[in-house]
Amino acid sequence: MHYVIGDVHGCCNALMRLLDRLCLTAEDVVYFVGDFVDRAPTHEEMLKTNQWVCEHISEEGQFRAVIGNHDLDMLDTCRELAAYEGTPELDMLVAEDTLESLRNAAKVLRRLPLYREVEAGGFRNIITHSWVCDAAGNSAIGEDGCINDSISMVESVWDRSCSVHDRP
């Protein structure tokens, strides 16, 4: 069985309850549509979510993912924080456990694709955080049914101008 889970947003406890309810078997695969970070209800839950991501998300394991816009934001923040590495200002802004947790999660998130193609139930499925078209309406799916690599999937993750009703 294949499952797709939406934005976790740092809610590790809710995620654990959901995974328990699924009663996963070794053959099951869970795909996440990104946004593991941001909006955690507590600092501790954010740390737990980041640790879970580091321990469980992999390219071909039971738990796979694509990157979301909040994950991309976090990667940008990590790059900005790197400029302050070793300075007293960084120590004042970010606790060491938080910084280490962000760095570790960033290593995993940085490797996530923007989309995945998955064969399931006799259908070819595309898993992505957002639309499969860019802001200009160019489809990621070519006439031949293959992914069109010329469009900006990063733009796709952020674009809110398209609607499900606008495209088949």
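Predicted, not measured: the structure shown is a model, and the values here were computed from it. Atoms considered below: every heavy atom in the structure, side chains included; atoms not considered: hydrogens, waters and symmetry mates.
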Does one hydrophobic cluster hold both [X] and [Y], with members joined at side-chain heavy-atom distances below 4.5 Å?
| X | Y | value |
| --- | --- | --- |
| Val33 | Ile5 | no |
| Val4 | Ile126 | no |
| Ile127 | Leu24 | no |
| Val94 | Leu47 | no |
| Met16 | Met46 | no |

From [X] atom [atom1] to [Y] atom [atom2], the distance as rounded to the nearest 0.5 Å:
| X | Y | atom1 | atom2 | answer |
| --- | --- | --- | --- | --- |
| Phe32 | His56 | CZ | NE2 | 9.5 Å |
| Asn50 | Arg103 | CG | CZ | 13.0 Å |
| Asp35 | Asp73 | CG | CG | 9.0 Å |

ask   = Given the rule in the side-chain contact (heavy atoms from CB on, under 4.5 Å) test, do Ile67 and Leu72 qualify, once you have shown the distances and angles that lead to the verdict?
value = CA-CA 7 Å; Ile67 197 160; Leu72 288 169; 3.7 Å; yes

request  = May I have the step-by-step check of side-chain contact (heavy atoms from CB on, under 4.5 Å) for Asn125 and Glu119, ending in yes or no?
outcome  = CA-CA 6 Å; Asn125 302 277; Glu119 293 286 333; over 6 Å; no

inquiry  = One pair to check against side-chain contact (heavy atoms from CB on, under 4.5 Å): Leu102 and Thr77. What are the steps and the verdict?
reply    = CA-CA 9 Å; Leu102 290 174; Thr77 299; 5.7 Å; no

message = What verdict does the side-chain contact (heavy atoms from CB on, under 4.5 Å) test give for Leu112 and Ile57, after you've listed the backbone C-alpha separation in whole Å, the side-chain angles of each residue and the deciding distance to 0.1 Å?
response = CA-CA 9 Å; Leu112 294 180; Ile57 299 298; 3.9 Å; yes

Going by an N to O cut-off under 4.0 Å, is there a salt bridge joining [X] and [Y]?
| X | Y | answer |
| --- | --- | --- |
| Arg39 | Glu45 | no |
| Arg124 | Glu117 | yes |
| Glu60 | Arg64 | yes |

Any [X] side-chain heavy atom under 4.5 Å of [Y] side chain:
| X | Y | answer |
| --- | --- | --- |
| Arg79 | Met74 | no |
| Val8 | Val37 | no |
| Asp7 | His129 | yes |

Counting only N and O atoms by type, is there a donor-acceptor contact under 3.5 Å from the side chain of [X] to the main-chain atoms of [Y]?
| X | Y | answer |
| --- | --- | --- |
| Thr49 | Cys12 | yes |
| Asp38 | His70 | no |
| Asp71 | Gly68 | yes |
| Thr128 | Val66 | no |

ask   = How would you list, by chain and number, every residue that makes a salt bridge (charged side-chain N to carboxylate O under 4.0 Å, His left out) with Arg17, sequence neighbours excluded?
value = none

Where [X] and [Y] come nearest, the two heavy atoms and their spacing:
| X | Y | answer |
| --- | --- | --- |
| Thr87 | Tyr84 | OG1-O, 2.6 Å |
| Cys78 | Ala106 | SG-CB, 4.0 Å |
| Arg111 | Lys107 | NH1-O, 3.2 Å |
| Ala105 | Cys54 | N-SG, 3.6 Å |
| His2 | Ala120 | ND1-CB, 3.7 Å |
| Ala40 | Gly10 | CB-O, 3.6 Å |

ask   = Hey, is CE on Met1 packed in by over 12 heavy atoms from elsewhere, all under 6.0 Å?
value = no

request  = Give a yes or no on whether Tyr3 atom OH has more than 12 heavy-atom contacts from other residues, nucleotides or ligands under 6.0 Å away.
outcome  = yes

message = Which label fits Phe36 and Trp52: parallel for a plane angle under 30°, tilted from 30 to 60°, or perpendicular past 60°?
response = tilted

inquiry  = Any donor-acceptor pair under 3.5 Å linking the side-chain atoms of Asp28 with those of Thr25?
reply    = yes

